[in-house]
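Read through the structure below, which is laid out as structure tokens, and then see the notes.
Residues take their numbers from the sequence shown, with the count starting at 1. All of these numbers come straight from a predicted model, not from anything done at the bench.
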Amino acid sequence: MVDALLRSLAGKVAVQWAKSDQKVVEQQILPQGVREETALSYGTDPAQQLDLYAPNDSTGPLPVLLHFHGGGFFYGDKSLDRAFSFAMAKRGFLVINCNYRLTNQTVRVWHQLQDCADGARWLSSHLAQYNGDQQRVFLSGGSAGAVFAVLLALLEREPDLRRRYKTQPAGLTYRGILSNCGFYAFYHKKLAFRCQRRICFGKGWRDHPLYQGMLWQNLPGLAKLPPVFLLTGHDDWLRGMTLTFDRLLTQNGVPHKLLELPRGREDKLSHLIAAMRPDLPACRMALDSAAQYLLTQVSEHPAAMEKRIQQGSHF
């Protein structure tokens, strides 16, 4: 009874979000000079698909950005981040915009994490085919997708974590993470977030070991994260979550940069606006800064990065 009611409410929320997002999509301006390949399958489920974007004028191996959309774990689709994918490809990246199954009665958040890991393995086996540079692979995510980006980076470094979530390593070295308005405090105590956890993690979520294993305080390997670019803004309704994660990264000694968009004047710079409207001046600036930050991380000597990673958590 409770679960059926919550799923019904989540469905109504998803309908409202879809209407709002569609209005933004209709305003998007896609840049020229980007090639697009869509609906490539990395699994057997129809939702396990990804799209690829790359600059038309590329001549050498491209830096790679593996991206996951947001939507509170129960809503969303890679198509919402098509403009973002175009924008980052225009900045010289090979972008892999990856879908994952949405939560329902049988699919939980840890199944979504497994999908993301499978998408990464697909990428690893197709890097050469799509002219991707194995030395310059980055993760990216918006809102809930940012949670998956961070967890995926940890999975690649933590064998125990992979065993817990039944994933296989992709064999990739992630050089950095682009986090856009991350939904980092999904464990928030507000009623709406508690209902959301019941929907996405299932009945008895509080004590479920796979839920507990995703809480940041239970992940001592956070210090092993690569450098993180955090993007939020004054008008982002989840801004406080990014600011909290910023402090957590500082406590764990993880190199990172925080960029906060100012209050919008003519256009409200709301949640995920840089992904939805990358053509806006403030969003262009933010994505330029993010791209520059990620690409400069490659200059860190591999031995120095490995030494930092092996130092362990400061949590």
Any chance the side chains of Asp81 and Ser85 put a donor and an acceptor closer than 3.5 Å?
no
Main-chain N/O of Val137 paired with Arg175 side-chain donor or acceptor, under 3.5 Å:
no
Look at the aromatic rings of His126 and Trp122 and report parallel, tilted or perpendicular, splitting at 30° and 60°.
parallel
Are the side chain of Gln28 and the backbone N or O of Met276 linked by a donor-acceptor pair below 3.5 Å?
yes
Not counting sequence neighbours, which residues clear side-chain hydrogen bond (donor to acceptor under 3.5 Å, both in side chains) with Asn56? List them please.
none
Can you check side chain to side chain donor-acceptor pair (under 3.5 Å) on Gln49 and Asn99, steps first, answer last?
CA-CA 6 Å; Gln49 294 187 343; Asn99 253 7; over 6 Å; no
With distance as the sole criterion, is a donor-acceptor pair present between the side chains of Arg247 and Thr250 under 3.5 Å?
no
Flag, side chain of Asn218 to backbone of Gln212, donor-acceptor distance under 3.5 Å:
yes
Indicate yes or no: at least one non-hydrogen side-chain atom of Leu178 is less than 4.5 angstrom from one of Leu294.
yes
Across all chains, not counting sequence neighbours, the salt bridge (charged side-chain N to carboxylate O under 4.0 Å, His left out) partners of Arg163 are Asp160
Taking salt bridge (Lys or Arg N to Asp or Glu O under 4.0 Å) as the cut-off, I'd like each qualifying pair that reaches into residues 30-40, sequence neighbours left out, listed once.
Glu36-Arg82
Okay, side chain of Ser8, backbone of Ala4: is any donor-acceptor separation there less than 3.5 Å?
no
Is the shortest distance from a Lys or Arg side-chain nitrogen in Arg239 or Glu260 to a carboxylate oxygen in the other one below 4.0 Å?
yes
Donor-acceptor pair between Asp115 and Gln48 side chains, under 3.5 angstrom:
yes
With a 3.5 Å distance limit and no angle check, can you tell me whether Ser58 reaches the backbone of Pro55 through a side-chain donor-acceptor pair?
yes
What pairs of donor and acceptor atoms, side-chain ones from residues 141-153 against any protein atom, are under 3.5 angstrom apart with sequence neighbours left out?
residue : atom : partner : partner atom : Å
Ser143  : OG   : His271  : NE2          : 3.1

His234: partners by ring pair (Phe, Tyr, Trp, His ring centres under 6.0 Å), with sequence neighbours left out
none
Tyr211 and Trp110 aromatic centres sub-6.0 Å
no
Inspect the contact between Asp45 and Arg101 and indicate whether a charged nitrogen and a carboxylate oxygen are less than 4.0 angstrom apart.
no
Which residues satisfy the side-chain hydrogen bond (donor to acceptor under 3.5 Å, both in side chains) test with Thr59, sequence neighbours excluded?
none
Would you say Thr244's side chain and Gly240's backbone share a donor-acceptor pair under 3.5 angstrom?
yes
Looking at residues at least two apart in the chain, or sitting in another chain, which of them share a ring pair (Phe, Tyr, Trp, His ring centres under 6.0 Å) with Phe84?
His67
Begin from the C-alpha positions of Leu222 and Trp216 and carry the test side-chain contact (heavy atoms from CB on, under 4.5 Å) through to its verdict.
CA-CA 8 Å; Leu222 277 179; Trp216 308 121; 4.1 Å; yes
Under 4.0 Å between a side-chain nitrogen and a carboxylate oxygen: does that hold for Arg198 and Asp3?
yes
Any donor-acceptor pair under 3.5 Å from Arg121 side chain to Gln168 backbone
no
Do the rings of His69 and Tyr100 sit parallel, tilted or perpendicular, given the 30° and 60° boundaries?
parallel
Pair Arg136 + Asp133, salt bridge at N-O below 4.0 Å
yes
Is a donor on one side and an acceptor on the other found under 3.5 Å between the side chain of His111 and the backbone of Arg108?
yes
Which distance, rounded to the nearest 0.5 Å, do you find between the NZ of Lys203 and the CZ of Arg206?
12.0 Å
Would you confirm whether Arg284, through its side chain, and Asp279, through its main-chain N or O, come within 3.5 Å as a donor-acceptor pair?
yes
Do Thr232 and Leu258 pass the side-chain contact (heavy atoms from CB on, under 4.5 Å) test, and can you show the C-alpha distance, the side-chain angles, and the key distance before you say yes or no?
CA-CA 8 Å; Thr232 184; Leu258 171 65; 4.2 Å; yes
Under the ring pair (Phe, Tyr, Trp, His ring centres under 6.0 Å) test, which residues partner Phe183, sequence neighbours left out?
Phe73, Phe193
Once ring pair (Phe, Tyr, Trp, His ring centres under 6.0 Å) is applied, what residue pairs with a partner in residues 34-59 remain, sequence neighbours excluded?
Tyr53-Phe86
Taking only residues two or more places apart in sequence or in another chain, which ones pass salt bridge (charged side-chain N to carboxylate O under 4.0 Å, His left out) with Asp51?
Lys78
Which residues share a ring pair (Phe, Tyr, Trp, His ring centres under 6.0 Å) with Tyr165, sequence neighbours left out:
none
Just checking, any donor-acceptor pair under 3.5 angstrom between side chains of Asp21 and Tyr75?
yes
Just jot down the side-chain hydrogen bond (donor to acceptor under 3.5 Å, both in side chains) partners of Gln27, sequence neighbours excluded, or say none.
Arg277
Quick one: pull up OG in Ser124 and CD in Gln134 and give me the separation to the nearest 0.5 Å.
6.0 Å
Apply side-chain contact (heavy atoms from CB on, under 4.5 Å) to residues Leu102 and Val107 and explain how you reach the verdict.
CA-CA 7 Å; Leu102 300 180; Val107 175; over 6 Å; no
